[in-house]
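Heads up, the thing below is written out as structure tokens.
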Number of protein chains: 2
Amino acid sequence: MATIRDVAKRAGVSVATVSRVLNNKGYAHEDTRKLVNDAIKELNYKPNEVARSLYKKKSRLIGLLLPDIRNPFFPELARGVEDEMQEQGLHLIIGNADEKPEKEIDYIQTFKQNNVIGIISATNHAETKLYENLSFPVVLLDRITGSYPSVYADGLDGGKIAAQEMVRRGSKRIALLRGPIELRTAQDRFKGAVDELCDANVDFQVITSSFSFHDAEKMAKTLFEKFPETDGIIASNDLSAAAILHEALRIGRSIPDDLQIIGYDDIPLSKLLFPSLSTIRQPAYDMGREAAKLLMNIINNKPLAQKNIQLPVTFIERQTTRKVEEND
Amino acid sequence: MATIRDVAKRAGVSVATVSRVLNNKGYAHEDTRKLVNDAIKELNYKPNEVARSLYKKKSRLIGLLLPDIRNPFFPELARGVEDEMQEQGLHLIIGNADEKPEKEIDYIQTFKQNNVIGIISATNHAETKLYENLSFPVVLLDRITGSYPSVYADGLDGGKIAAQEMVRRGSKRIALLRGPIELRTAQDRFKGAVDELCDANVDFQVITSSFSFHDAEKMAKTLFEKFPETDGIIASNDLSAAAILHEALRIGRSIPDDLQIIGYDDIPLSKLLFPSLSTIRQPAYDMGREAAKLLMNIINNKPLAQKNIQLPVTFIERQTTRKVEEND
DNA sequence: TTGAAAGCGATACCAG
DNA sequence: CTGGTATCGCTTTCAA
């Protein structure tokens, strides 16, 4: 690999000049500029990011921390972040924390050691001390705590809409899944639904469940054993909803006539389920993009319109809910 | 952040000594060693990977290139790679090439510039020149070309098994999906199936399809329009199979009585479909781990038992295929 | 067994 | 407008 020295020699100038041209900083005569640029092309020179990073204590890397790369919701977020960063000439180190704090610590360490200029985190432990004393900004994605800037979807509204749609379509004995207690986003959608259900003339049960694949199946079985009379289920995410749908069909429930299901997230596979899953859509890709933009604004010291960006959610009507007449 | 100088000062030794202790290289008196280690602990010193990397021209980073992070098969591979690397104290930069060569080039550039010590690639363009002239080893994952070491599952056998099971369970008019022509793995499973079907007393049709989410639905619709009399479908991957299953149920086909479906990959969601999807399982997680091990062996100049590692596939019987008596 | 000093490849200050 | 040079934090000869 050619170095800045090679370029300088070839162009017949000093490394300082090359550096200036490279970074469009300080003066450089038009002619020398051309000389340098030609040399750069001829040698196919690319600056060494490591050397740059060492001096400036800043790389062009962003750390992205995901809680569970197997849940299709997160790759979708990642795509949004990635696309936005790419447009800004930045790159991502994606870390999968796997819901384990040790892994998370380990990744944060790596991020630090590689001079990332910022972190976007969607893990479950951002409230803890892990993120303290960092010399670069942190943006939370799909997560909320008091202290960090964040991008998330409106969980209260999401829960509310889910409950409304469920009631409106006639379910009377509803099971409400409550995601991980420590996740503010999970609790928001839960609360939103609870509030709405309390006001409605329906019975409902609460079942606490994790977000992960592994637990979803067991949870689904238990649900139908304990509450066989349930005629409507508001799931905490699409993964759980898929497991529930599967189990419901297995035991011969008729969907949506006898049992309605509403998921949460709208992961790509939701529409491939059969019947396709009615769900509350979180704009995952856009959330990722917004988080990336927010982080960049912070890094560049741009004034922030708002520190916490909330995106709207929408009800996606598919086939696990019954049709009703529209009366707007 | 404390530097090696701080440690040296605190321990009352030179930076050279600290470095030696740090890397267990060269001599160091037991007492000084302790002195240094104490200082390291007290200051909570972590070596600056960037500086290290600049001097040695080697980082502790591995590049992992994925074609499509939204296809759940790939996160599974990634987990395998990640876990193995983590055990070796290495870290991953995951790049999502999105099936676009520009993105791939861009990531390879980033990998180079950040001194990765190796790349594991699962993209669709490894045959091209992108990977030439790299100063570090490349391992292909779920991909095969002549020139690079690789880890993959036995596609010929996979296709063969799928066809056997399909025929054995009584399908007579089979649609065989053929994945992307340029992917050797896709063609292997296709060929394996074709060979088997040719030998059997059945009709079959070939339909070419991509692996992506987006195209799956359209393809499914077309399939049933063009070949309504089909009674067995061998899909090119689980995503396509899910789309086909969805469409089949939508148009009222009875599964598996009237139509059997066999997928490929065994992504986590396959068992959550209803009926749950019979499929050919590729050991994705293990493939990831093996690829990581292979790469490390190459990096460490260990003798290789084999340059190309083929893992076995298995038929996972679920509910989109009919039961038959076992006669081993 | 230890330390001084020369890099690694870039940036940025300061002098000219 | 341009060039010399110290510097970023670490590793590795080479001498002592």
Side-chain angles (χ1 to χ4, degrees), chain A residues 1-37 39-40 43-61 89 109-117 135-136, chain B residues 1-37 39-40 43-61 89 109-117 135-136:
Chain A
M1 285 276 276
T3 76
I4 198 171
R5 267 193 175 61
D6 302 327
V7 176
K9 195 173 293 177
R10 177 111 187 182
V13 299
S14 74
V15 294
T17 303
V18 177
S19 178
R20 264 183 246 117
V21 172
L22 222 46
N23 300 289
N24 277 316
K25 229 175 208 171
Y27 303 94
H29 191 87
E30 200 42 55
D31 297 350
T32 21
R33 193 177 295 274
K34 181 166 175 359
L35 232 44
V36 170
N37 281 324
I40 288 178
L43 296 173
N44 187 27
Y45 165 75
K46 310 273 179 217
N48 179 325
E49 288 295 334
V50 176
R52 228 176 213 178
S53 169
L54 175 60
Y55 186 88
K56 311 224 298 183
K57 300 186 196 299
K58 279 167 194 277
S59 69
R60 303 202 176 184
L61 299 170
Q109 192 63 47
T110 308
F111 291 166
K112 272 197 216 170
Q113 291 181 326
N114 285 284
N115 285 346
V116 300
I117 51 176
S135 56
F136 44 77
Chain B
M1 284 278 276
T3 75
I4 198 172
R5 268 197 174 62
D6 303 326
V7 176
K9 195 174 293 175
R10 176 115 187 178
V13 299
S14 76
V15 295
T17 304
V18 176
S19 177
R20 266 183 242 116
V21 172
L22 222 47
N23 300 291
N24 277 317
K25 230 174 207 170
Y27 301 94
H29 191 88
E30 199 43 56
D31 297 348
T32 23
R33 193 178 295 274
K34 180 166 176 359
L35 233 43
V36 170
N37 281 324
I40 288 179
L43 295 173
N44 187 29
Y45 165 75
K46 310 274 181 217
N48 179 324
E49 287 295 335
V50 176
R52 225 175 217 178
S53 169
L54 175 59
Y55 186 90
K56 311 224 300 184
K57 299 184 197 299
K58 278 170 194 273
S59 69
R60 301 199 176 185
L61 299 170
Q109 192 62 46
T110 307
F111 291 166
K112 273 197 215 168
Q113 290 181 328
N114 286 285
N115 284 346
V116 300
I117 51 176
S135 56
F136 44 77

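Lettering follows sequence order; numbering is per chain, from 1.
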Gap separating the [atom1] atom of [X] from the [atom2] atom of [Y], nearest 0.5 angstrom:
X: B:Met1; Y: B:Asp6; atom1: CE; atom2: CG; value: 11.0 Å
X: A:Phe136; Y: A:Lys112; atom1: CZ; atom2: NZ; value: 7.0 Å
X: B:Asn115; Y: B:Ser135; atom1: CG; atom2: OG; value: 8.0 Å
X: A:Arg33; Y: A:His29; atom1: CZ; atom2: NE2; value: 10.0 Å
X: A:Tyr45; Y: A:Thr3; atom1: OH; atom2: OG1; value: 7.0 Å
X: A:Gln113; Y: B:Ser53; atom1: CD; atom2: OG; value: 11.5 Å

Side chain of A:Asn114, backbone of A:Val116: donor and acceptor closer than 3.5 Å?
->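 It does not hold such a pair.
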
Give the residues of [range] touching DNA chain C, defined as any heavy atom closer than 4.0 Å, sorted by residue number.
range: residues 43-50 of chain B; value: none
range: residues 7-22 of chain B; value: B:Val13, B:Ser14, B:Ala16, B:Thr17, B:Arg20
range: residues 25-34 of chain B; value: B:Tyr27, B:Ala28, B:His29, B:Thr32

Listed by chain and number, what are the side chain to side chain contact (heavy atoms under 4.5 Å, CB included) partners of [X], not counting sequence neighbours?
X: A:Arg52; value: A:Leu22, A:Asn23, A:Pro47, A:Glu49, A:Arg60
X: B:Val13; value: B:Ala11, B:Thr17, B:Val18, B:Thr32, B:Val36
X: B:Arg10; value: B:Ala39, B:Glu42, B:Leu43

Considering heavy-atom distances to DNA chain D, does A:Tyr55 or B:Ala2 have its closest nucleotide positioned more toward the 5' end?
->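 Between the two, 5'-proximity favours A:Tyr55.
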
Name all residues meeting the side-chain hydrogen bond (donor to acceptor under 3.5 Å, both in side chains) criterion together with [X]; count only those two or more places apart in sequence or in a different chain, and write none if there are none.
X: B:Thr110; value: A:His91
X: A:Lys34; value: A:Asp38
X: A:Arg20; value: none

Just report the end-to-end axis angle for the helix from C:dT1-D:dA16 to C:dG16-D:dC1, five pairs per end, to 10 degrees.
->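 Angle reported: 50°, given to the nearest ten degrees.
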
Span of DNA chain C, from the first to the last nucleotide whose atoms fall under 4.0 Å of chain A heavy atoms |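 With heavy atoms of chain A under 4.0 Å away, the range is C:dG9 to C:dA12.
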
B:Val21 versus B:Asn37: any side-chain heavy-atom pair under 4.5 Å?
->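 In short, these two side chains touch, coming nearer than 4.5 Å.
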
Is A:Ser19 close to A:Ile4 at the side-chain level, that is, under 4.5 Å between some pair of heavy atoms?
->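 Yes, their side chains come closer than 4.5 Å.
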
For DNA chain D, note the earliest and the latest nucleotide, 5' to 3', having some atom under 4.0 Å of a heavy atom belonging to chain B.
->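 First and last nucleotides in contact are D:dG9 to D:dT12.
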
